[in-house]
Structure formats: structure tokens, C-alpha cells
Amino acid sequence: MAGKANPFEEMKKMVDKAGKTLGLEQGLIEVLKSPKRELTVNFPVKMDDGKIKVFTGYRVQHNEARGPYKGGIRYHQQVDIDEVRALSSWMTWKTATVDIPYGGAKGGIIANPKTMSVGEIERMTRRYASEISIIIGPEKDIPAPDVNTGGREMAWIMDTYSMMKGYAVPGVITGKPREIGGSLGRPEATSRGLVFCVREAAKKIGMNLKGATVAIQGYGNVGAFAHMLIERDFGAKVIAVSDSQGGIINEKGLKYAEVKAHKEKTGSVKGFPGSKPVSNEAILELKVDVLLPCALENVITKDNAGKIVAKISGEGANGPTTFEADAILYKNGVLVLPDILANAGGVTVSYFEWVQNNYNYYWTEEEVNERLDKKITKAFHEVWDMKEKHKCNMRDAAYLCAVKRVADATKLRGFYP
Ligand code: GLU
């Protein structure tokens with residue numbers, strides 16, 4: 001969401017910085033900063049009370065130098081065009097950081113699905129899908145889930161697109177349910193990539209993850225599965241979690257299975273038995289070993305960055321840290337694992353899903369997870385080595401890797417006409 005800092009302006013500062021370090025000419029830097037195509041759609045939806053409501057949605061295609069456009073679709077009341085522009089460009093840098101053959105795109109609808117019925121969400125989703133169908137497609141632009149969207153919405157989009165074509169087109173979208181061409185391991189993939197990054201970072205700084213304390217902001221798909229995996233696979237102790245309604249803390253530890261069951265029953269983590277309340281702001285400042293911001297943009301700013309004491313901040317969310325906050329965290333020795341690396345597990349398994357759709361041959365969950373581990377671990381070490389070489393932070397290093405890849409591809413393709 002727009003918040004105080006404009007995320008699109010934040011993104012441009014990062015690309016300027018990387019472009020200058022790489023010695024790119026200014027014109028090329030401008031190309032890399034600019035979204036190539038932006039579609040705004042205003043469309044009617046018949047609500048349950050019989051009234052017509054007009055919704056506004058976007059699909060922004062940022063860059064396709066390295067392959068088809070790729071990126072999720074979010075439903076949120078604070079979606080705006082600059083947010084979608086920033087998110088689309090972060091997809092370009094993300095797919096380049098982990099070196100998968102895609103560009104970057106993003107979509108969004110200004111809507112709060114939590115106040116809508118399932119039927120209303122379905123009609124909104126299908127109409128939006130038909131509106132953007134003129135620019136998406138399995139060779140062109142492949143959407144996926146993001147904030148407040150998941151397998152259910154992806155299935156409707158796949159069906160709508162397929163109805164328009166007259167045959168099933170599973171490769172038009174990723175993050176689908178397994179029954180209609182989704183990949184095993186996709187629901188947990190973003191969180192799995194995140195904990196792989198935390199694992200590698202912990203090795204680098206000599207932190208034992210067993211018993212390490214963790215705080216998680218955000219308990220949607222990414223935050224909740226991060227809780228599950230870091231507890232189950234690494235024996236870390238999650239002491240605080242939060243969602244949009246508030247947070248909870250228990251120094252003795254919060255068990256994933258119990259918190260998840262409570263959220264399913266009550267709709268929030270709030271009020272979990274044996275815990276004390278903690279605000280969404282305070283959760284970031286807790287004395288923990290690992291902080292995982294897994295909610296929305298701009299939550300770590302110059303105003304609170306100085307109060308963050310975690311040793312590692314692993315960004316499950318897109319854009320949680322502002323440009324100015326990054327410098328403060330770096331000075332204070334907080335090891336930030338940047339979004340374009342740390343949450344790239346989702347789009348990586350989306351890529352695997354699309355490959356499986358194109359081949360019509362499906363992998364086991366072990367194969368998916370192993371390939372994800374290889375991809376993310378390789379990218380982590382490339383970024384780490386870049387950081388050592390340039391004596392910079394992990395975000396600057398990830399941008400250097402990514403911007404170089406996209407710039408090289410752009411130069412090789414040349415400029416039409
Ligand atoms: N929305 C996710 C992200 O921000 C996944 C995108 C995808 O799988 O294409 O990375």
C-alpha cells in the first residue's frame with residue numbers, strides 16, 4: 001500500500017544505485033526503471049443485494065527482457081497504481097535474482113474480500129480475469145496468488161481464461177490447486193524459500209537455529225507456513241506472531257498447529273490461550289534472533305529501524321523495508337535478507353508449476369522441494385559473494401546481481417526498431 005513512502009519511488013532508487021555501481025548508461029537505467037505496459041480496468045460486478053458495483057483493477061507488466069511476464073494478483077483496499085508498479089518491478093528483480101527465465105508483472109484489485117461473500121469474490125475474479133485476458137496468456141504473462149488470493153481464485157481465473165479459449169489452458173496461471181495442474185509444494189514454497197535463506201544466513205553468522213527465537217509479522221500464507229517450517233524443520237522457537245487484527249506473544253513459544261487451529265476457528269491469532277497481546281508495530285522491535293516481516297510494504301521505516309534488534313530480518317513480504325530504513329539496519333548490524341531473494345521461493349515453484357504444465361508431466365513433492373532448495377541456496381550464495389565483493393548489504397548485492405542480468409539481456413536483444 002502507498003503508506004508514507006511511495007514504493008515505486010523506493011524501487012527506482014535501488015535500480016539507480018545498482019545501475020551506477022554497474023556503470024550502466026543513464027538511458028538504460030531509465031528503461032529498467034520503467035514499466036513497459038500498464039492496464040487499468042473498471043468493471044461491474046453484481047453484488048448479492050442485486051446492486052451493481054464498479055471495481056478498479058490493474059495489471060502492470062514491468063519487464064520481459066528475460067522471458068514472459070510473471071507475478072501475482074492481490075486484492076486489498078489499499079491497492080494503488082504505484083504499489084502495483086513497484087510490485088511488478090520487484091518481480092523482475094526477483095526472477096532475475098534466482099535466475100528463472102521470466103520478467104516481472106503484477107496485478108491488483110482495489111477491494112477488501114474480507115467484507116465480500118464467496119459469490120461476490122468469484123464474480124469479481126472472473127470479470128477481472130476476462131478484462132485482463134487481452135494481455136495475459138501462458139507465453140505472455142502468467143499471474144499467480146498474492147495478498148488475499150490463493151488456489152481458489154487461481155482456479156476461477158484458469159477456468160475463465162479456458163472458457164474464452166474453448167480448451168483447458170492450465171499454464172495461464174500458477175498457484176492452482178493440484179487437481180487442475182498445480183504443483184505439489186507450491187502452497188508452502190514462499191515460506192520454504194524464506195527458511196532456506198534464513199538457514200544459509202544462520203550458517204554464515206554462526207547462529208544455531210535450534211532454539212533460536214523468532215517473531216513473525218503477518219499470518220497469511222507466507223507467515224503461517226514460515227511458522228510451520230522453521231519450527232518443524234529447524235527447531236526454532238516462534239515466540240510472537242501477528243495478523244491484520246493484532247498480535248500475540250508467549251516467551252515460552254507458540255506452537256504452529258495450535259495457533260493455526262485458533263486462527264481457523266476465530267479468524268485471527270488474537271486471543272490465543274496463554275499469550276499476551278502485542279501490536280503489529282511492537283512485534284518488529286522484539287528481542288529475537290530472527291524477525292520475519294511477512295505482511296505488507298513499508299513497515300520498517302526510518303522511524304522504527306533503529307529499534308530493530310533482531311540479528312536476521314528475512315523478508316517474506318514484498319517491500320517491508322524502506323530505502324532509508326535499510327541503511328540504518330545495515331549500520332546496526334541487522335542482517336537483512338531482501339525480499340527479492342528471501343521470498344523468491346513462491347515464484348520459483350510457480351516456474352516449476354508452469355514447466356510441468358507445459359510438459360504435462362508432474363514431479364513428486366521431494367523433487368519440487370529439492371530443486372527449490374538448489375535454486376534458492378545458489379542464489380543466496382551468489383548474493384552473499386556479491387555483498388563481500390562490493391562491501392555492501394544483501395539488498396544492494398541482490399540488486400547488483402539482478403540488474404546486471406536484466407541489463408545484459410536487454411543489451412543482447414538490442415532496441416527495436
Ligand atoms: N505473489 C508472489 C510473489 O510476490 C508469487 C508470484 C508468482 O508466483 O508469480 O513473489
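All values below were derived from every heavy atom in this structure, side-chain atoms included, with hydrogens, water molecules and symmetry-related copies excluded. In each ligand, atom 1 is the first atom listed, and ligand 1 is the first ligand listed.
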Any side-chain to backbone donor/acceptor pair from Thr213 onto Asp289? Under 3.5 Å, distance only. yes
Side chain of Asp141, backbone of Ile136: donor and acceptor closer than 3.5 Å? no
Other residues, nucleotides, ligands: >12 heavy atoms within 6.0 Å of Lys265 NZ: no
Is the side chain of His62 donor-acceptor paired with the backbone N or O of Leu32 at a distance under 3.5 Å, no angle test? yes
Please check this pair: side chain of Glu367 against backbone of Thr364, looking for a donor-acceptor N/O pair closer than 3.5 Å. yes
Is it true that a side-chain atom of Tyr128 and a backbone atom of Tyr58 form a donor plus acceptor pair closer than 3.5 Å? yes
Counting only heavy atoms and a distance below 4.0 Å, can you name the residues contacting ligand 1? Lys70, Gly71, Gly72, Met91, Lys94, Lys106, Ala144, Pro145, Asp146, Arg186, Asn318, Gly346, Val347, Ser350
